[in-house]
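Right, one structure below, let's go through it.
The basis for the numbers below is simple: all heavy atoms, side chains too, and nothing from hydrogens, waters or symmetry mates. These figures come from a predicted structure and were not determined experimentally. Convention: sequence-line order gives letters A, B, ...; per-chain numbering from 1.
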There are 2 protein chains.
Amino acid sequence: MTPDAAGRDPSSFAGPAEPGPRGRDGGGARRTTQRAAVLAALHDADGFRTAQELHDVLRAAGERVGLTTVYRSLQLLSDTGEVDVLLNDAGEAMYRRCERRGHHHHLVCRSCKKSVEIESGEVERWTERAAGEHGFSAVTHTMEVFGLCTTCSPA
Amino acid sequence: MTPDAAGRDPSSFAGPAEPGPRGRDGGGARRTTQRAAVLAALHDADGFRTAQELHDVLRAAGERVGLTTVYRSLQLLSDTGEVDVLLNDAGEAMYRRCERRGHHHHLVCRSCKKSVEIESGEVERWTERAAGEHGFSAVTHTMEVFGLCTTCSPA
DNA sequence: CATGAAGTTGACAATCATTTTCGATAAGGG
DNA sequence: CCCTTATCGAAAATGATTGTCAACTTCATG
């Protein structure tokens, strides 16, 4: 059985392991247990999770974290690009810690939310071309692919 | 100057023009002025609009429609596929009356929300393939392209 | 190790889009 | 013209996310 969130090793995130420049921005971003916990919970999941789900997991694991803080931490993390955000059908924000830092897309399981990072120069190029043909500039795009992963697939 | 919503010809939507089978589903969907007004307002716009924006336009045009009804009408219209929905960055639903009935994507102006319908077998195929490579089935996807249209583009 | 300034936290209130409620109203077949 | 029933809409409810603000950490420094 996989250990639940309570059993994870916090050192990989919370500990003062990395001696690098403290904080993320010029000012002083502090290293707090709450922030580390959110990041850790996110790390334990291999799929997208909502702020509330993460909060539930943390509380269930005995962490003392407020929902407000979870939202703030996620906001912070997504601002710095450390986690990716996407809106589900219900319009709720879902977060995920991604390996890839640059632009990429996701293949998300509709059932368990597990996801795989995918890249596509093909799509990027098509997008640019299509936009150009219609005179649009400063083009950006969003694209997410949903399906059922092998585990959640029937049969 | 383009006539505002108040000046549109209602006959094209509200009038008993089409003698075809009444309503949309087997039961009894009635033809009401409010529903027609929402559809008409949507028709006047060549871009995506939020429910509230449509409501404002209708009220400004002197129509007597409640916000609730606008929401309900849009829900109805999107259920039957008569209008397309997409969530903006803020997570708000935006609606648009599209020419194309089948699956397609949009090129949306970030500034004025004007949009163009685009199709891409290329993207469809790429999506299927990428999903297949990772064992995902029952694949669907969302994709929207944003940019600045010629009118809103600087220079 | 003590200290203080500044970043953080979290319970709770406030937003805000969207939905639900439910009595009043209108559509349209008979 | 009437009656059944879909529909309307004002107001209350919902639910995710954000703002408030006093109490609390973190951590560079003395």
Nearest-angstrom distance from the residue atom CG of A/L58 to P of C/dT9: 12 Å
Touch class at under 4.0 angstrom, heavy-atom based, for A/A93 against every strand present: sugar-phosphate
A/R64 side chain near C/dT9 phosphate (N/O to OP1/OP2, under 4.0 Å): no
Interatomic distance where CZ belongs to B/R59 and P belongs to D/dC8 [whole Å]: 14 Å
For atom CD of A/E53 and atom P of D/dG15, their distance in whole Å: 16 Å
Sugar-phosphate, base or nothing in reach of B/R72, heavy atoms under 4.0 Å: base
Output field: ring centroids A/H105/A/H141 closer than 6.0 Å: yes
Whole-Å gap separating P (D/dT17) and CG (A/L76): 17 Å
Minimum-distance nucleotide to B/R30 side chain [options: C/dT19, C/dA27, D/dT17]: C/dA27
is_close_aromatic(A/H106, A/F146), centroid dist under 6.0 Å: no
Residue-phosphate contact under 4.0 Å: A/Q34 side-chain N/O, C/dT8 OP1/OP2: no
Length of the line joining B/H55:NE2 and D/dA10:C1', which is rounded to integer Å: 11 Å
Under 4.0 angstrom between A/T32 side-chain N/O and C/dT9 OP1 or OP2: yes
First encountered from the 5' end of DNA chain D, between A/M94 and B/V65: B/V65
Nearest-nucleotide pick for B/E92, side chain only, options being D/dA16, C/dT18, C/dT8: C/dT18
Distance in angstrom units between A/Q52 CD and D/dT18 P, rounded: 11 Å
Any B/Y71 side-chain N or O less than 4.0 Å from OP1/OP2 of C/dT18: yes
Lys/Arg N to Asp/Glu carboxylate O, A/R96 vs A/E117, below 4.0 Å: yes
Euclidean distance, atom CG of residue A/L67 to atom P of C/dT9 [Å, nearest integer]: 13 Å
Neighbour count >12 (heavy atoms, 6.0 Å) for atom CZ, A/R64: no
Selection from C/dG10, C/dA17, D/dT7 that lies nearest to any side-chain heavy atom of A/T69: C/dG10
Contact under 4.0 Å: A/Q75 side-chain N or O vs D/dT17 OP1/OP2: no
Stepwise side-chain contact (heavy atoms from CB on, under 4.5 Å) test for A/V123 and B/W126: CA-CA 8 Å; A/V123 171; B/W126 175 81; 3.5 Å; yes
Between P of C/dT18 and OH of B/Y95, the distance in whole Å: 6 Å
N-O pairing of B/E122 and A/R129 below 4.0 Å: yes
Residue whose closest nucleotide on DNA chain C lies nearer the 5' end, A/S73 versus A/T68: A/S73
B/R31 side chain near D/dA6 phosphate (N/O to OP1/OP2, under 4.0 Å): no
